[in-house]
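Structure record follows, encoded as structure tokens.
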Amino acid sequence: MPSSQNRLHHRRDVTLREDHCQVRKGAAPRVLAVLNSFLLGLLDFCGVTNVPKQMRLFDARPHLVARLLLGSLLTFT
């Protein structure tokens, strides 16, 4: 496995605890992996350096997630 894929898997597993997930049927594990990769990419794009801290903030204030996603779409030109 190339190092970039290894790094991404490590980030998804350590930061998002993907290997502990109990989703096992159908396409759900693959969809979850894609969503997790998208989330990490979005946070990288936004300049987040401490993903676990940011995830705790999003857990406590879910309206910030909506603002991040919808606000970006409304201001994108």
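One-based numbering along the sequence shown. In what follows, every heavy atom counts, from backbone to side chain, and hydrogens, waters and symmetry copies are set aside.
- Contact check for L43 versus M55: side-chain heavy atoms found under the 4.5 Å cut-off.
- Taking 4.5 Å as the limit, some side-chain heavy atom of V51 sits within range of a side-chain heavy atom of R11.
- Under a hydrophobic-cluster definition in which Ile, Leu, Val, Met, Phe, Trp and Tyr are linked whenever side-chain heavy atoms come within less than 4.5 Å, directly or via other members, L40 and L57 are assigned to the same cluster.
- Atom CG of L32 and atom CZ of R12 lie 8.5 Å apart (nearest 0.5 Å).
- At a threshold of 4.5 Å between side-chain heavy atoms, the hydrophobic network of Ile, Leu, Val, Met, Phe, Trp and Tyr places F58 and V48 in one connected group.
- Considering CZ of R67 and CZ of R61, their distance stands at 10.0 Å, rounded to 0.5 Å.
- S37 contributes atom OG, which lies 10.5 Å from atom CG of D44 (distance to the nearest 0.5 angstrom).
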